[in-house]
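Just so it is clear, the model here is predicted, and its values are computed rather than measured. Heads up: numbering here begins at 1 and tracks the sequence.
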Amino acid sequence: MSAVNDTKFQHAVFILTGIPGQEDIHVWISIPFCLIYVTSILGNSFILFIIKTDPSLHEPMYIFLSMLAITDIGLSLSTLLTTLGIFWFNSREISHDACFAQLFFIHALTFIESSVLLSMAFDRFVAICNPLRYASILTRPRIAKMGLVSLLRGVVLIFPFPMLLKQYTYCHANILSHSYCLHQEVMKMACSDIRVNFIYGFFVTMSSVGLDFLLILLSYGMILKTVLSIASHAERLKALNTCISHICVVLLFYMPEIALTVIYRFMKSSSPLLQTVMGYVYLLVPPLMNPIVYSVKTKHIRARVIRVFIK
């Protein structure tokens, strides 16, 4: 009898949400979103093109930047269809399988990006703290292994999420608060015991993204210590200048995520509009700003961009 009731009340789809209370102007809201997606995809593709076509940029720092650009393109594509589908066609329904697949890609790519940012911090640490061994430590095979580990870590840690969610029965309100699926929101729609998802989700987040952030802070603490020991003021500024782009990208990635976590956990009375806006900032701003930051703040990338447009 219980199985019959579960089948009877299980929702066949989830309902996605655009901007709450702004449904009448979704078509107009779609214009900046469309520009953000186009700029993100073209900007990161342009970074990849520049690095690939310029042999002088085939160095560890720029190889890691290529990995970051590929991850950002994947993040943009993972939410593009559902977000623009809502704004353009009011297509709000998404099947369970499609939702689970989307949240897998969103979270896996987020974990991969965190790993790449940690690798980039390690690159800056070696370049400044141990420059004489830079070439021998960050060899091409080692960089390839670091990239492969980042990919496998993201996929392996996130893969249990959709597998566990697929086993649950969904009979609560099936309206999601974003135009895409997130694990922490979808699991709350289940009538089943979600303690495994909650505990595992907290564990993998703290042991991956949280640990990455702490290691990045540690690496920059050691970089700062090394830089302050340099006698020449000009050399200090030169050393720190090589880190500015990466510091900006780290802040763009981790600050929205921390803000969104605070809103969900400690600001229960916050408006749905605030949660929605922060959710978009968390996923859309880093892929948009990363190529802009590196194009403006990195001398070699900036010079190559100028040469492309002058021609």
Side-chain angles (χ1 to χ4, degrees), residues 33-81 83-84 102 105-124 126-127 134-135 138-155 212 216 242-254 256 282-311:
F33 274 86
C34 190
L35 290 174
I36 289 172
Y37 279 117
V38 170
T39 305
S40 299
I41 294 170
L42 291 181
N44 284 289
S45 299
F46 189 58
I47 291 289
L48 289 173
F49 170 76
I50 288 175
I51 293 173
K52 178 177 174 57
T53 56
D54 190 340
S56 67
L57 298 180
H58 295 177
E59 298 177 2
M61 174 181 173
Y62 301 106
I63 295 174
F64 287 127
L65 178 56
S66 298
M67 296 179 188
L68 183 68
I70 292 171
T71 307
D72 283 337
I73 291 172
L75 269 175
S76 296
L77 293 175
S78 66
T79 60
L80 184 150
L81 290 178
T83 300
L84 295 184
Q102 184 181 48
F105 282 109
I106 290 174
H107 291 292
L109 288 166
T110 300
F111 278 33
I112 292 169
E113 179 149 347
S114 180
S115 298
V116 173
L117 290 175
L118 177 59
S119 299
M120 296 173 81
F122 178 70
D123 168 78
R124 293 298 84 206
V126 176
Y134 182 75
L138 286 170
T139 60
R140 291 284 182 88
R142 186 162 291 161
I143 292 171
K145 289 177 182 176
M146 292 170 70
L148 182 61
V149 168
S150 298
L151 174 63
L152 291 177
R153 189 183 76 156
V155 171
D212 291 347
I216 290 172
T242 64
C243 300
I244 290 176
S245 299
H246 182 254
I247 292 172
C248 292
V249 168
V250 167
L251 293 175
L252 285 169
F253 179 78
Y254 286 103
Y282 162 59
L283 284 180
L284 299 184
V285 170
L288 171 68
M289 294 303 300
N290 289 349
I292 296 174
V293 168
Y294 273 97
S295 297
V296 172
K297 302 299 295 182
T298 305
K299 179 180 177 181
H300 296 298
I301 295 285
R302 184 173 66 247
R304 187 70 175 87
V305 169
I306 292 172
R307 286 205 304 271
V308 168
F309 283 105
I310 288 177
K311 289 180 179 181

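For T298, the side chain to side chain donor-acceptor pair (under 3.5 Å) criterion is met by S245, not counting sequence neighbours. For C248, the side-chain contact (heavy atoms from CB on, under 4.5 Å) partners two or more places apart in sequence, or in a different chain, are I244, V293. For Y134, the ring-ring contact (aromatic ring centres under 6.0 Å, His included) criterion is met by no residue, not counting sequence neighbours. Residues forming a side chain to side chain donor-acceptor pair (under 3.5 Å) with T83 (at least two apart in sequence, or on another chain): Y37, S179. In this structure, the side-chain contact (heavy atoms from CB on, under 4.5 Å) partners of I292, at least two apart in sequence or on a different chain, are M289, V296. Applying the side-chain contact (heavy atoms from CB on, under 4.5 Å) test to L251 and every residue at least two apart in sequence or in another chain returns I247, M255. Every residue was checked against the side chain to side chain donor-acceptor pair (under 3.5 Å) condition with H107, not counting sequence neighbours, and none meets it. Annotation: side chain to side chain donor-acceptor pair (under 3.5 Å) contacts of Y282 (sequence neighbours excluded): none. By the side-chain contact (heavy atoms from CB on, under 4.5 Å) test, I41 is found to be paired with S45, S76, L77, L80, residues two or more places apart in sequence or in another chain being considered.
The CG atom of L284 lies 11.5 Å from the OG1 atom of T39; values are rounded to the nearest 0.5 Å. Here I112 contributes atom CD1 and F105 contributes atom CZ; the two are 10.0 Å apart, rounded to the nearest 0.5 Å. The distance from atom CZ of F253 to atom CD1 of I216, rounded to the nearest 0.5 Å, is 8.5 Å.
Of all heavy-atom pairs spanning R153 and S115, the tightest one is NH2-OG, 2.6 Å. Closest approach of A135 and T139 over heavy atoms only: O-CG2, 3.5 Å. Contact record, R302 with S295: CB-O, 3.1 Å, taken as the closest heavy-atom pair. N44 and P287 make their closest contact through ND2-O, 3.0 Å (heavy atoms, listed as atom of the first residue, atom of the second, distance).
For the pair T79 and I106, the minimum side-chain heavy-atom distance is below 4.5 Å.
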(message) Go through it in stages, so that I can follow the logic: the residues are M146 and L138, the test is side chain to side chain contact (heavy atoms under 4.5 Å, CB included), and I'd like the CA-CA distance, side-chain angles, deciding distance and then a yes or no.
(response) CA-CA 10 Å; M146 292 170 70; L138 286 170; 4.1 Å; yes

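Looking only at distances, a side-chain donor or acceptor of H58 sits under 3.5 Å from a matching main-chain atom of I51. Put simply, the side chain of H246 never gets that close to the backbone of R124: no donor and acceptor are under 3.5 Å apart. Looking only at distances, no side-chain donor or acceptor of D123 sits under 3.5 Å from a matching main-chain atom of S119.
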Pair up each side-chain donor or acceptor in residues 64-75 with any protein partner under 3.5 Å, not counting sequence neighbours, and list the distances.
{"residue": "S66", "atom": "OG", "partner": "Y62", "partner atom": "O", "Å": "3.0"}
{"residue": "T71", "atom": "OG1", "partner": "M67", "partner atom": "O", "Å": "2.9"}
{"residue": "D72", "atom": "OD2", "partner": "N290", "partner atom": "ND2", "Å": "2.8"}

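Applying the salt bridge (Lys or Arg N to Asp or Glu O under 4.0 Å) test to every pair with at least one member in residues 43-58, sequence neighbours left out, gives these pairs: D54-R304, D54-R307. Pairs engaging residues 140-150 under the side chain to side chain donor-acceptor pair (under 3.5 Å) rule: none recorded [sequence neighbours left out].
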